[in-house]
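In what follows, a single structure is set out as structure tokens and then discussed.
Just so you know, ligand 1 is whichever comes first in the structure, and atom 1 is the first atom listed for that ligand. These numbers were taken from a predicted model, which means no experiment stands behind them.
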Amino acid sequence: MNIPISEIEKLKKAIETADFIVLTGHQNPDADCVGANLGLFHVLKEQRKQVQIILPNRFPDNLKWMPSTDQIVVYEKDTELASQYIQKADLIFSIDYNHFSRTGKMQNALEQAKAQKVIIDHHPEPDIYHITFSDTSVSSASELVYEVIKHLHSESIVNIQSAECLFAGIMADTGCFSYNSSKPKTFLNVAELLEKQINKDYIKAKLFDNYSIERTRLMGYLLSEKMVVLPEFRTAYIVLSEQEKEKFGYKIGDSEGFVNLPLSIENINFSVFIMEHEGFMKMSMRSRGNFDVNQFARKHFKGGGHKNAAGGKDFDLKLLEVADKLVSLLPQYKEELLNS
Ligand code: 5GP
Ligand code: MN
């Protein structure tokens, strides 16, 4: 794992001298993002530091059980307060994202902030920060945060609250240890977190067995009525309109994980989920094997992400036009898709 000792030394000093620390995550924060932020938050609290988490917008309800989520400030909701915190900060962390543009409306405030800036992230091509911990080979931002904490102190500073959040982040970002989790180190780290007496089954149930009836019915509808399978490209995609979201009582976070579903079909290597939002279309992409969805999303949909999990947005096309564009691109990737 890439944890440069020089960066650890710099961060140690920066934390020591900072009077006020702000931790931030990306827009539409997921379990790894929130878990990584809270994991570090609880350790900094343990050190009696003044620390505030600020997220660009709401996080899903099924993460509310994480200790101290009630102390998180949401920029979109409390813009004035969040801006004051960002201005006041001596040290700002970017956790689970690689560029301030991934924070939506918060971008400007973060760029203008006088604070020293630290990145702890696992996405490719990070922006330039004062202090950098970036490793695309790590399972999750939460595991990277845990490694940074251990290098700063020792694992003994990680309390049960921190361990619960970090474990949840790793569990979620690896789909219950099914992908991005082939390294023994990940399981060693998870074993250490389990030593903190956290309740694994409780966390699993909160993350994966906690959906609304509406979300479950929406999933059934999408799989039976909306999934398009293109075996000649080993690709499947699903399109979800605003109207359908309304019909199924869609709530933020409800579509989490839908993009993975078609990958459980034999021989499907590439899956895309396209969802209509007010003013733009959001795409999620997942692949199996060598087909690089980060490159695909960057090149064609102004997006990015990881090799096997990426996303993008389109502000110009209509929902079905995005699907048409996707399908029209597939022939040029046929070789790669078939051999992925
Ligand atoms: P998801 O499909 O879960 O929204 O995102 C999958 C991965 O792609 C995440 O790691 C996320 O950081 C990245 N991603 C999603 N949407 C975008 C986007 O619009 N731009 C960039 N650069 N990355 C994205
Ligand atoms: Mn994330």
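Less than 4.0 angstrom separates some heavy atom of His306 from each of these atoms of ligand 1: 10 (O). For ligand 1, the atoms closer than 4.0 angstrom to any heavy atom of Lys282 are 4 (O), 15 (C), 16 (N). Under a 4.0 Å criterion applied to the non-hydrogen atoms of Ala309, ligand 1 contributes the atoms 7 (C), 8 (O). Proximity to Ser284 (heavy-atom distance under 4.0 Å) selects the following atoms of ligand 1: 1 (P), 2 (O), 4 (O). Those atoms of ligand 1 that come under 4.0 Å of a heavy atom in Lys313, given as number and element, are 19 (O). For ligand 1 and Gly305, the ligand atoms under 4.0 Å from any heavy atom of the residue are 8 (O), 13 (C), 23 (N). For ligand 1, the atoms sitting less than 4.0 Å from at least one non-hydrogen atom of His123 are 9 (C), 10 (O), 11 (C), 12 (O), numbered in the order shown with element in parentheses.
Within the 4.0 Å heavy-atom criterion, neither part of His26 lies near ligand 1. Residue-level proximity to ligand 1 for Arg298 is absent, since no heavy atom of it falls below 4.0 angstrom.
At a cut-off of 2.8 Å, His26 is counted among the residues with an N, O or S atom near the Mn ion (ligand 2).
Remark: Lys247 is positioned above the aromatic ring of Tyr221, its terminal NZ or CZ atom under 6.0 angstrom from the ring centre and at most 45 degrees off the axis.
Checked for salt-bridge contact, Arg215 and Glu256 miss the test: no charged N lies under 4.0 Å from a carboxylate O. The existence of a salt bridge linking Glu143 and Lys183 is excluded, since no basic side-chain nitrogen approaches an acidic carboxylate oxygen closer than 4.0 Å. Salt bridge Asp61/Lys64: present, at least one basic N to carboxylate O contact under 4.0 Å. Taking 4.0 Å as the cut-off between side-chain N and carboxylate O, Lys10 and Glu7 count as a salt-bridged pair.
Around the Mn ion (ligand 2), the angle linking Asp30 (OD1) with Asp96 (OD2) is 100°, rounded to 10 degrees.
Looking at Asn290 and Ser340, their side chains never bring a donor and an acceptor atom within 3.5 Å of each other. Looking only at atom types and distance, the side chain of Thr132 has no donor-acceptor partner in the side chain of Tyr129 under 3.5 Å away. Looking only at atom types and distance, the side chain of Ser68 has no donor-acceptor partner in the side chain of Lys45 under 3.5 Å away.
Remark: ligand 1 and Gly304 share an N or O pair separated by less than 3.5 Å (distance only, no angle test). Looking at ligand 1, you won't find any N or O of Met283 less than 3.5 Å from one of its N or O atoms.
One option in Glu125, Arg286, Glu256, Lys302 has a heavy atom closer to atom 6 (C) of ligand 1 than any other, and that option is Arg286.
The aromatic ring centres of Tyr333 and His300 sit less than 6.0 Å apart.
Ranking the protein heavy atoms by distance from atom 19 (O) of ligand 1 puts Gly312 CA, 3.6 Å first. Atom 12 (O) of ligand 1 has as its closest protein heavy atom Arg102 NH2, 2.8 Å. What sits closest to atom 15 (C) of ligand 1 on the protein, heavy atoms only, is Gly311 CA, 3.4 Å.
Annotation for Leu337 and Asn269: closest pair O-ND2, 2.9 Å, computed over non-hydrogen atoms.
His99 does not count as a contact of ligand 1, since none of its heavy atoms falls under 4.0 Å from the ligand.
Under a cut-off of 6.0 angstrom, the local environment of CG in Leu188 is crowded, with over 12 non-hydrogen atoms contributed by other residues, nucleotides or ligands.
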